[in-house]
Amino acid sequence: MTGPSFKIASVAGVLATLMIAAPVLAAEEAAPADAGAQGGEIVVTATKRSANLQDVPISISVVGGEDIADRQIRDGIGVARQVPNLVAESAMGAAMPRFRLRGIGTNDFTPTSSSAVGIYEDEVYISAGSAQSAPLYDLDRVEVLRGPQGSLWGKNTTAGAIHYVTTKPGDTLSGQGRLVYGSDDTREAELGIGGPVAERLSARVAGVYKHRDGQYRNAFTGKHAGDYDIWDLRGQLLWDIAPDASLLVKAHGGETEQDQPLQHVGLLAGGTDFDGYAERDDSHALSNNGPGYTRARRFGTDARLEIDLGGATLTDVAGYERSSSLVYSDDDANPVSQYHERYGGRSRTFTNELRLASPDGDRLGWIVGAYYLHDKTNSFGQLGLYSPVNFGVDGAAYDFDVKTRNLAGFASLSFQITPRLKLTAGGRYTWEKKSIGGVAYDYVTQTGNIFDASVPNLVYIDTENGIYVDATGAPIAPTPSSRSWKRFTWDVSADYSIADDALLFGRIARGFRSGAFNTYVASPGDLSAYDPETLTSYEVGVKTSWLDRRLTLNATAFHYDFKNMQVTVLQSVGTRTQNAASARVNGFEIEATARPVTGLALNAGYGFQSSKYTDFPDASVPFPVNRGAPLDLTGQRLERAPRNTLNLSGTYEFALQGGTVSFNTDWRYSSRYRFHVWSDATNINPAPFLAGAAERALVRDSFSQKPLWLGDARVAYRFDASGLEIAGWVKNLTDRAYRTNSFGMFFNRSISIYPGERRTYGLSAAYRF
């Protein structure tokens with residue numbers, strides 16, 4: 001038996017094994033439980049209070065800081081591989097990751113887009129995608145909150161939130177460090193150290209550097225492709241102002257650079273494109289005559305003031321983030337043409353949240369607060385040879401600024417009706433305004449530099465001077481320069497303790513993602529506005545802990561109803577985000593951990609989702625797909641939403657000659673998913689070069705990722721006397737070739753594909769104290 005049914009059966013087998021293990025472990029209760037075999041309490045702050053994960057009535061996954069370090073999880077894309085029903089990718093190498101949770105996210109790569117998955121660091125909202133590309137280091141944990149977080153979390157989002165929690169300064173000296181060397185000249189160094197520096201003052205500093213040579217070789221240049229260099233620094237000061245007041249201040253900054261390889265698929269006879277180029281049949285093959293350089297920079301500072309007022313706690317969290325991105329893309333992925341792009345942007349975001357909360361443990365609990373966000377983001381680009389006036393000869397350029405102001409008030413109320421039953425209700429009223437200004441124009445290509453846009457030919461959009469014309473100079477309808485929205489979002493939940501270690505909960509929540517502007521403007525009609533999307537979520541779940549927390553089993557089922565869902569659709573040139581009338585998603589997650597014997601830890605997580613657009617009759621698609629007509633995509637499944645995801649991991653430790661040996665392996669399975677909403681559609685009227693069965697099958701295959709297993713392994717020896725650990729590791733153990741994204745260059749009769757990372761291996765040395 002193979003395929004998805006086998007994978008589902010595997011999950012069922014793992015969970016059944018854990019269930020069968022329960023009575024076996026129970027029989028061992030007569031003997032004193034070994035402390036090392038018991039599961040520790042996982043503390044989360046999903047409800048803006050510290051609470052045991054098993055007591056919070058929300059579907060949450062947690063990845064611990066030590067796991068992130070030991071498994072060398074580099075960034076948010078790596079975290080997504082540890083969490084059921086979460087996927088992530090980037091069309092820009094290391095810059096601007098895009099997340100999808102329970103099938104909900106975005107394909108929009110412009111700096112001005114808003115993610116359906118809110119990204120937070122120490123409760124500070126990270127607005128710009130370029131600031132979300134930071135490496136992971138010296139973390140306490142990562143919390144993944146599923147479902148709308150429209151009451152307590154700063155920026156309204158529909159899919160959920162990812163919260164990175166850094167390691168804070170403490171009142172005792174502590175630290176950790178790690179050195180890594182591996183194949184492809186992989187070099188990594190990480191350090192974090194903190195403790196008291198003066199009376200009532202403690203500090204922590206941390207930093208990381210990561211380098212790897214490219215795993216692919218560019219046949220055109222003869223050089224590596226896919227290398228990266230990453231660094232980031234962080235410093236924190238904690239001042240205990242008084243016994244009941246503290247101030248935590250943090251500053252951070254860093255840079256990520258990567259060369260992004262692109263592979264080529266020709267759509268004409270023999271795998272050729274319009275230029276007659278065909279790439280050799282090799283999973284490592286590529287030949288790019290343009291740069292694939294990406295860079296993301298970020299700097300930020302934030303402060304958290306907390307004052308215990310006796311009957312309530314006042315908390316103020318303020319943050320300022322600056323970031324920038326720059327991407328060069330060899331769009332055609334061949335060594336002949338020069339359909340290349342240069343694009344990116346800059347962002348400045350200030351946020352402040354002020355809240356007042358009742359003491360923990362009160363029968364009547366409450367939180368009230370206000371939130372403010374001010375953001376200015378720039379989006380620019382030069383598209384060599386993409387001129388709407390003289391396509392293939394001249395270029396197109398755009399440069400737009402989008403300003404956002406967001407003001408919200410929120411409240412949450414909980415009441416412990418009985419010792420076992422609690423009701424919680426929350427709401428947030430949000431006002432948001434976005435305004436846009438900028439230009440888009442055709443320019444004369446200069447010899448030797450297709451990105452030189454210094455000689456404009458036709459300015460077709462100039463918002464300041466009221467210019468809106470098409471490629472012939474004829475007037476077109478202007479796009480509104482500003483839009484604003486007012487929304488009330490809410491959630492209601494009930495949780496009931498069936499037993500001391502079993503919690504049953506139900507939750508209904510409504511969230512919205514604000515509208516925005518399309519700022520990838522390759523032709524006059526591309527500048528447009530789209531409306532907010534609204535999601536109503538219905539969930540029921542259970543969280544259980546057995547045998548003194550040696551075994552946990554959590555499960556959540558959900559149903560999503562979408563209105564005006566924002567969908568980013570790949571065009572012949574660039575992308576466009578529009579609203580689908582409605583969509584729905586049904587699914588569930590199951591997560592289990594078990595420690596059946598001393599030294600052995602097992603983890604399993606399974607996510608299932610069934611999604612489709614229930615009303616999407618007028619989707620804009622690339623011209624050759626439906627000869628310029630809108631396409632009815634009603635009934636199509638959501639893009640980047642694998643029906644099945646499966647996570648399995650295991651660690652075994654045992655003592656050996658004054659130390660401890662540990663073996664670890666973790667695996668992730670994803671069933672097939674597609675990158676673009678129209679790529680599986682059959683109700684199309686394609687151009688002749690896409691009309692044949694073989695060509696349509698090639699398109700379907702190229703715009704999707706087949707079922708995929710990815711696995712890592714690690715063996716380590718820790719010296720008990722010193723705390724030093726030496727480890728050997730392998731990532732992508734089976735060296736699976738896979739793709740992370742693709743886009744169609746149909747005018748050049750080709751498809752460009754982003755390949756995934758191949759196998760790497762090496763050694764590491766780590767020390768904790």
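Predicted model, so just to flag it, every value in this text is computed and none were measured.
The aromatic rings of F747 and F391 sit perpendicular to each other, their planes meeting at more than 60°, with 30° as the lower class boundary. Between F109 and Y343, the ring planes lie tilted relative to each other; the angle falls in the 30° to 60° range.
Taken to the nearest 0.5 Å, the CZ atom of F562 stands 9.0 Å off from the OH atom of Y613. Atoms OG and CG, from S287 and N334 in turn, are 8.0 Å apart once rounded to the nearest 0.5 Å. Atom-to-atom distance recorded for Y228:OH and D75:CG is 9.0 Å, nearest 0.5 angstrom.
Comment: E639 does not engage R674 in a salt bridge, judged by the lack of any side-chain N to carboxylate O separation of less than 4.0 angstrom. A salt bridge links R297 with E255; the closest basic N to acidic carboxylate O contact falls under 4.0 Å. At a threshold of 4.0 Å, the pair R576-D526 counts as salt-bridged, since one of the basic side-chain nitrogens sits closer than that to a carboxylate oxygen. Here E695 does not pair with R700 in a salt bridge; the nearest charged N to carboxylate O distance is not below 4.0 Å. Salt-bridge check for R98 with E89: passed, with a basic side-chain N closer than 4.0 Å to an acidic carboxylate O.
For the residue pair N156/R487, the side-chain donor-acceptor check at 3.5 Å is not satisfied. Judged purely by distance below 3.5 Å, without hydrogens or angles, the side chains of E432 and S514 pair a donor atom with an acceptor atom. Side-chain contact, D332 with S337: no donor N or O sits under 3.5 Å from an acceptor N or O.
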Walk me through whether N748 and D275 qualify under side chain to side chain donor-acceptor pair (under 3.5 Å). CA-CA 7 Å; N748 207 41; D275 298 308; 3.2 Å; yes
Decide side chain to side chain donor-acceptor pair (under 3.5 Å) for Q705 and R739; before the verdict, give the C-alpha distance in whole Å, the side-chain angles of both, and the deciding distance to 0.1 Å. CA-CA 6 Å; Q705 172 56 52; R739 58 191 60 151; 4.8 Å; no
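Among the candidates V117, T568, V567, the single residue satisfying the side-chain contact (heavy atoms from CB on, under 4.5 Å) test with T106 is T568.
Note that R428 lies in the cation-pi zone of Y371, set by a 6.0 Å cut-off to the ring centre and a 45° limit from the axis.
For residues 472-483, the pairs satisfying side chain to side chain donor-acceptor pair (under 3.5 Å) are D470-T472, R483-D531, with sequence neighbours left out.
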